[in-house]
Enquirer: 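Dumping the structure here so I can ask a few things about it.
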Amino acid sequence: MDFSFTPEAEAFRVEVKAFIAEHLTPDVLESTREGTIHNQGFHKKMAERGWLNGAVPAELGGGGRDPLEMLVLVEELQLAGAPIDGMGVAVIVAAIVLELGNDHLKETVVPPIIGGDALCSFGYTEPDSGSDVAAATTVAVQDGDEWVINGQKMWTTMAHIADYVLLLTRTNPDVPKHKGLTFFIVPLDTPGIEIQPVHTMGTERSNATFYDNVRIGDEWRIGDVDGGWAVMKAGLKFERGIAGGQFPSAMLIDAAIAAAEAAPRADDATAIDDPRVREQIVRAMIDLEVARGFAYKTAFLASQGVMFGVEGSMLKLFVAEAYKKHTQWFLEMLGSEGLLSLDTPGAPVGGHLDEHFRHAPVTSIYGGTSEITRNLIAGAHLGLPRS
Amino acid sequence: MDFSFTPEAEAFRVEVKAFIAEHLTPDVLESTREGTIHNQGFHKKMAERGWLNGAVPAELGGGGRDPLEMLVLVEELQLAGAPIDGMGVAVIVAAIVLELGNDHLKETVVPPIIGGDALCSFGYTEPDSGSDVAAATTVAVQDGDEWVINGQKMWTTMAHIADYVLLLTRTNPDVPKHKGLTFFIVPLDTPGIEIQPVHTMGTERSNATFYDNVRIGDEWRIGDVDGGWAVMKAGLKFERGIAGGQFPSAMLIDAAIAAAEAAPRADDATAIDDPRVREQIVRAMIDLEVARGFAYKTAFLASQGVMFGVEGSMLKLFVAEAYKKHTQWFLEMLGSEGLLSLDTPGAPVGGHLDEHFRHAPVTSIYGGTSEITRNLIAGAHLGLPRS
Amino acid sequence: MFIRLTDDEEAIDEVFSNFFTSECGPETVREAASTGFDRALWDRLGQTGAAAMSAPESVGGGGADLGTLALAVGHLGRTLAPLPLIEHAVATRLLARLAPDHALLASLIEGTAIATLALQSDNPQQLVPAGAIADVVLWRTGDEIRIGSGGAPGEVLNNLADLPLNRRNLDELCTETLSGDSETFDLAIAEWQALMATALVGSGFAALKLGVDYVQERYQFDKLIGTFQSLQHGLADASTGVEGADLLAKRAIWALDTDQPNALTLPSMAMIFAAESALSSAATSLQYHGGYGFAEEYDIQLYYRRAKGWPMQYGPVGPELQRLADLLITTGAH
Amino acid sequence: MFIRLTDDEEAIDEVFSNFFTSECGPETVREAASTGFDRALWDRLGQTGAAAMSAPESVGGGGADLGTLALAVGHLGRTLAPLPLIEHAVATRLLARLAPDHALLASLIEGTAIATLALQSDNPQQLVPAGAIADVVLWRTGDEIRIGSGGAPGEVLNNLADLPLNRRNLDELCTETLSGDSETFDLAIAEWQALMATALVGSGFAALKLGVDYVQERYQFDKLIGTFQSLQHGLADASTGVEGADLLAKRAIWALDTDQPNALTLPSMAMIFAAESALSSAATSLQYHGGYGFAEEYDIQLYYRRAKGWPMQYGPVGPELQRLADLLITTGAH
């Protein structure tokens with residue numbers, strides 16, 4: 001049993017920290033305030049270091065950097081609050097294309113995505129299919145060498161600044177639902193696509209995207225016709241390689257300590273002197289260590305070529321539920337001052353605890369709700385039968 | 001809106017307190033240590049006051065005492081830790097017999113039960129039917145004027161000291177399960193009955209009872225043949241009249257405060273000085289007030305002739321879950337000393353916190369598990385559809 | 001014991017139910033998000049007499065008890081109406097108790113001026129509930145109760161619950177000291193807590209209903225999601241919490257109206273429990289909305305933010321629990 | 001990074017797995033309920049070398065690291081084996097560290113004498129883990145570490161977890177002061193915590209398995225109860241807790257073996273988290289057993305009582321969390 005990072009990974013951590021110190025400027029952090037957790041300049045800098053390519057498996061022609069080093073990267077970026085949504089999508093899309101895509105896609109899409117010049121967004125979810133993603137009803141109909149796409153997607157985050165959307169469509173309505181799906185990579189400047197903002201109670205902005213007789217050539221198809229489910233599973237597989245480090249609570253704890261040190265309490269004390277607050281901070285630290293355990297195990301398995309461990313599901317479930325609880329504690333300890341929002345004068349630690357509180361609920365929803373994740377653990381890990 | 005007890009109820013409270021002071025002697029409390037929460041002498045004294053009869057509705061010929069006064073009785077008895085399991089069963093059985101029984105049962109069974117001279121136990125649950133009580137397989141077959149009973153019951157608590165068992169049997173296997181049930185009141189000295197103790201991790205002792213060609217006359221049948229479900233529902237209805245006050249946490253809080261005041265902590269403090277312990281005690285007090293709200297509402301509705309409110313289910317669910325949590329807190333605050341069990345030398349407050357901890361889990365199981373209760377609230381109260 | 005509305009209360013409740021549901025839809029709430037206050041709605045509520053209903057008749061108020069006021073506050077909670085009803089009513093009652101001849105009372109009874117109270121003692125720079133819009137503020141410094149008027153900033157500090165929140169520099173107000181026992185202020189605080197509990201319960205019921213309704217409309221995996229047992233159980237727990245909070249809040253209100261021995265502790269208990277129940281109800285419903293729960297467009301997020309934010313105005317819950325411990329453990333009064 | 005057993009560790013793990021499952025069934029545990037100790041089993045374990053495996057080779061021990069010892073402790077946790085392995089190993093390591101030439105070491109290595117440590121400083125009348133059977137006790141008074149021998153009471157104080165627990169009057173033992181830094185004792189405490197976490201994790205896995213197996217055997221309402229979603233979710237949460245505790249306990253053991261900067265805090269964190277996870281796992285499984293969970297005859301109650309009781313030997317969790325806060329918040333080390 002060995003929980004140490006290799007000297008290479010520790011050296012890489014130093015490099016990442018230096019990169020962050022240099023490139024994660026206040027301007028970059030500020031730029032995400034508009035609600036999209038992506039900054040093109042910062043993204044490009046990461047690409048230039050080869051970090052996007054690094055997360056793509058070597059056997060597919062990617063950089064194939066050690067998953068443990070990629071974990072270090074994600075851990076440090078998340079601790080620093082860097083915008084990395086674009087990175088996550090880029091790596092997964094590039095890997096899917098390299099594994100399942102045709103030459104056109106490999107040549108057209110992968111270089112700019114891995115190079116940090118083009119951005120992609122996910123087009124899986126629809127208004128009526130969230131957890132049940134295979135129920136997608138956006139239709140693609142073949143017309144000669146072309147496909148005609150009609151439908152609507154929800155939560156196509158970053159679509160308004162992206163170049164492509166990885167689009168899940170229904171190509172066969174007459175078979176069991178997960179057997180009639182086909183994926184396309186659709187350039188977002190194709191005529192017939194409309195993008196509307198979806199605002200959230202967090203600071204995030206997402207989009208709804210509408211597809212009205214969108215025509216694209218067959219060269220934009222990825223995977224087999226009606227073979228969309230295999231593409232979906234490939235995407236899930238690659239997600240493990242870079243999603244190991246989900247540590248929203250790490251930033252939160254720092255903010256909570258700073259806020260508690262400044263929050264006045266009776267008798268000239270501050271909240272940091274309150275045993276209750278101290279206990280909550282320690283409990284959040286313990287939860288964070290538990291999350292690290294899951295993340296390290298997931299990354300270790302990936303480094304061993306084992307892609308599916310239950311640890312990834314447990315990491316997702318545990319982190320989201322713990323994070324929600326922590327945001328409630330640390331906002332509440334501030335009393336009335338905690339109400340003040342981001343950038344409001346006098347807001348404790350700039351209002352970031354309020355921002356965390358608003359953001360937290362979505363973490364137990366997107367990428368698989370806690371309920372779906374529990375189903376998965378009960379079935380795949382504990383072996384309990386379907387009802 | 002009025003949450004006050006009537007002057008009569010307050011006067012009754014004084015009477016009950018005096019009764020407890022006089023009759024709930026250390027010997028009576030000690031007698032329950034053998035594991036059966038019943039003391040015949042104490043039970044008889046309550047009967048002599050007319051309190052068993054008081055809980056039986058007047059329209060059935062019972063004492064018909066105001067349910068709010070009965071709530072006062074139960075609340076005070078529970079606060080004092082008096083053994084009242086026998087009372088609960090007695091009242092329900094008497095009421096069922098008076099409502100649905102024949103003259104034989106009314107004459108033979110009710111007077112000694114209400115008079116505190118005979119004791120009854122419930123024979124619903126079987127090894128394979130707990131939550132699904134209607135799945136009972138203990139068979140009763142008619143043979144002339146007699147019935148021949150074969151089967152087994154679990155959790156026939158007090159059967160070893162009781163005179164009767166209210167027995168749920170299957171009389172028709174060929175109809176939907178809840179339509180083929182029949183109830184009997186079976187004298188426990190009937191040949192063919194065997195009683196085996198079931199010991200628990202709490203201090204309670206229960207029983208398994210075995211029925212091997214037990215023959216009883218039809219006069220012991222209660223309700224219609226195959227009409228057992230109606231008897232069951234009647235029992236549930238009467239349960240509300242006396243089960244309003246489920247306050248195990250009230251006694252627990254007293255014990256916890258006493259234990260905390262005596263538990264040493266660093267710097268010459270005791271656990272009662274620990275803000276964490278103080279918070280937990282206050283939280284338990286809040287939960288107790290919430291439980292009182294449900295109990296008062298349930299008793300109020302009963303006093304208005306409204307028998308089924310969701311408040312009864314919520315009371316059961318809330319109290320059991322809160323009580324389990326409280327026992328965990330208050331045992332844990334004692335550290336190693338908290339490990340010492342009932343009557344062990346040096347055990348904090350005589351080991352009662354350990355006793356509470358061992359007892360607590362069964363309260364979310366018997367009389368309807370928390371899961372069954374949540375199903376009920378979701379269906380009957382929130383109107384959610386069956387899956 | 002009579003734990004339901006009397007016929008008279010039923011009638012009044014219906015009036016308020018009609019008023020709030022017809023006058024304050026989700027769009028009203030959203031439109032007032034940046035100010036936390038809808039003055040036109042306030043004026044219309046004033047016309048029903050609600051703003052002054054719980055002030056004593058001797059000062060021109062309606063003379064209603066808190067239990068009656070709580071009917072209005074419950075519906076305010078259900079609809080999230082952006083109105084400083086709790087603060088105004090409590091502050092007006094406090095002023096009437098301390099200085100029944102005070103010159104400011106008339107405008108408070110009329111509702112042309114808005115009153116509030118600062119919830120923290122000895123903090124001249126605190127965030128005051130309705131502080132952005134209140135013309136009159138009452139507060140406690142040491143053993144003194146003071147009143148100040150003038151200088152409502154109008155501007156709101158952006159906040160989680162879209163409240164008309166702002167800091168008031170109490171030292172700079174035109175101030176006078178009111179005669180009267182400092183403990184009278186404790187009573188006002190307890191009234192605020194009990195009414196806050198009432199509003200939270202209302203919001204909790206409404207949030208729960210949003211969830212219950214949504215799961216009966218939404219299909220996933222070809223099943224109505226409301227048939228999934230884990231969702232049913234989550235909603236059952238949330239419902240139990242809110243119903244329990246409701247009964248506790250009502251008992252706290254009753255304890256104040258009838259001067260029970262626990263009139264100063266039950267309101268605090270009710271507020272603490274109602275805050276957790278309302279948040280749990282909103283968070284559960286939000287979770288079962290899936291991604292839509294997070295979207296600004298759906299109403300459940302309005303409830304989620306208020307369930308957390310409303311009671312935070314009082315202060316952190318930790319010190320309040322310790323205050324309760326000092327009151328309850330030492331006296332053994334449980 | 002290598003987060004699974006090496007081939008060598010696998011082999012050792014299998015030895016212990018076989019030993020504990022074949023030598024210690026539930027009947028062994030029940031038979032030892034009143035004494036908390038099975039001496040014959042202890043002797044048999046001693047024959048495998050486990051009792052002395054983690055003592056340094058220089059004093060005649062096996063020289064194994066904590067990670068290897070933890071393999072045995074994990075199986076002890078799974079089977080609830082009534083053996084003072086944790087105490088004996090930690091106390092023996094401590095003595096070897098402080099006084100490698102100590103006369104008592106030989107019998108501890110042989111396993112003919114049992115050693116333990118008192119977990120509370122400056123309390124001469126405390127309940128000592130394995131206090132009823134330990135021939136040798138190490139403890140701390142002020143800055144001094146002392147060792148005492150003789151007078152194991154044999155008698156057990158009845159307790160929740162069927163432990164060989166008794167009070168030791170440390171002042172009355174035949175006592176000597178060991179030379180060495182008082183902080184060496186902190187290390188022993190941390191070792192005890194990390195191994196306790198390991199045992200709790202083992203018990204948590206076993207309790208979870210009892211629940212998972214039971215719900216796949218039991219039918220109610222003509223359905224296997226394991227198909228009910230609320231039960232599935234309860235078990236999934238319990239499983240997540242125990243798996244998380246397992247990874248944390250393993251990391252704590254590793255931190256001690258490799259002298260990491262957090263070697264004195266991770267074990268405490270692991271113990272706290274493992275205690276809650278193990279209890280939650282046992283309580284969940286017990287609940288899904290229905291009434292049988294409460295019956296002495298079923299095994300799940302054995303796990304429920306030990307999950308709560310084992311870590312209580314350390315002391316209340318509140319002060320421990322505050323101790324961690326002092327260590328972690330002031331240095332900002334997270």
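A note on names: the letters A, B, ... follow the listed sequences, proteins ahead of strands, and every chain is numbered from 1.
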Enquirer: For the interface with chain A, which of D:G67, D:A270, D:S239, D:G234 has the highest count of heavy-atom pairs at distances below 4.5 Å?
Expert: D:S239
Enquirer: Only counting residues at least two apart or in another chain, list the ones meeting ring-ring contact (aromatic ring centres under 6.0 Å, His included) with A:F357.
Expert: C:Y304
Enquirer: D:E9, D:Q229, D:Q322: which one forms the most heavy-atom pairs within less than 4.5 Å of chain A?
Expert: D:Q322
Enquirer: Could you check whether A:R278 pairs with D:D326 (Lys NZ or Arg NE/NH1/NH2 to Asp/Glu carboxylate O, under 4.0 Å)?
Expert: yes
Enquirer: Name the region of A:L376, side chain, backbone, both or neither, that has any atom closer than 4.5 Å to a heavy atom of chain D.
Expert: neither
Enquirer: Aromatic ring centroids of A:H356 and A:Y323 under 6.0 Å?
Expert: yes
Enquirer: Near A:E10 CD, under 6.0 Å, is it more than 12 heavy atoms from other residues, nucleotides or ligands?
Expert: yes
Enquirer: Less than 4.5 Å to any heavy atom of chain A: does that hold for the side chain of D:L266, its backbone, both, or neither?
Expert: side chain
Enquirer: Quick check on A:I281 against chain D: is it the side chain, the backbone, both or neither that has a heavy atom closer than 4.5 Å?
Expert: side chain
Enquirer: Less than 4.5 Å to any heavy atom of chain D: does that hold for the side chain of A:R386, its backbone, both, or neither?
Expert: backbone
Enquirer: Where does A:L68 contact chain D at under 4.5 Å (heavy atoms): side chain, backbone, both or neither?
Expert: side chain
Enquirer: Looking only at non-hydrogen atoms, find the nearest pair between A:T369 and A:T373 and report the distance.
Expert: O-OG1, 2.7 Å
Enquirer: Considering only heavy atoms and a distance below 4.5 Å, find which of D:D237, D:L324, D:L248 pairs most often with chain A.
Expert: D:D237
Enquirer: Once you round to the nearest 0.5 Å, how far does OG1 of A:T327 lie from CG of A:L252?
Expert: 7.0 Å
Enquirer: Would you call A:K325 and A:E321 a salt bridge, taking side-chain N to carboxylate O under 4.0 Å as the test?
Expert: no
Enquirer: What option among A:F300, A:F3, A:F5 has the most heavy-atom pairs under 4.5 Å with chain D?
Expert: A:F3
Enquirer: Which residues in residues 188-214 of chain D have any heavy atom lying under 4.5 Å from a heavy atom of chain A?
Expert: D:L208, D:V212
Enquirer: How long is the straight-line distance from CG of A:L73 back to CH2 of A:W51, given to the nearest 0.5 Å?
Expert: 5.5 Å
Enquirer: So which part of A:D287 gets closer than 4.5 Å to some heavy atom of chain D, the side chain, the backbone, both or neither?
Expert: side chain
Enquirer: Given a strict heavy-atom distance threshold of 4.5 Å, which part of D:Q216 is in contact with chain A: side chain, backbone, both, or neither?
Expert: side chain
Enquirer: List, one per line, each side-chain donor-acceptor pair under 3.5 Å for residues 259-267 of chain A, sequence neighbours excluded.
Expert:
| residue | atom | partner | partner atom | Å |
| --- | --- | --- | --- | --- |
| A:R265 | NH1 | A:D274 | OD2 | 2.5 |
| A:R265 | NH2 | A:M333 | O | 2.6 |

Enquirer: Compare all side-chain heavy atoms of A:D132 with those of A:K177 and state whether any distance is below 4.5 angstrom.
Expert: yes
Enquirer: To the closest 0.5 Å, what do you measure between CG (A:L288) and CZ (A:R283)?
Expert: 15.0 Å
Enquirer: Taking the side chain as C-beta and beyond, is there a heavy-atom pair between D:R251 and A:R292 under 4.5 Å?
Expert: yes
Enquirer: Do any of residues 271-284 of chain D come closer than 4.5 Å to chain A, heavy atom to heavy atom, and if so which ones, in number order?
Expert: D:I272, D:F273, D:E276
Enquirer: Can you tell which part of D:Q232 gets under 4.5 Å to a heavy atom of chain A, answering side chain, backbone, both or neither?
Expert: both
Enquirer: Is any side-chain heavy atom of A:M251 closer than 4.5 Å to one of A:L79?
Expert: no
Enquirer: With under 30° as parallel and over 60° as perpendicular, where do the rings of D:F221 and D:F228 fit, or are they tilted in between?
Expert: perpendicular
Enquirer: Does a side-chain N-to-carboxylate-O contact under 4.0 Å join A:E332 and A:R276?
Expert: yes
Enquirer: Where do D:R4 and A:Q304 land on the side chain to side chain donor-acceptor pair (under 3.5 Å) test, with the steps shown first?
Expert: CA-CA 11 Å; D:R4 68 171 178 231; A:Q304 300 276 307; 3.1 Å; yes
Enquirer: Is A:I286 close to chain D through its backbone or its side chain, or both, or neither, when contacts mean heavy atoms under 4.5 Å?
Expert: both
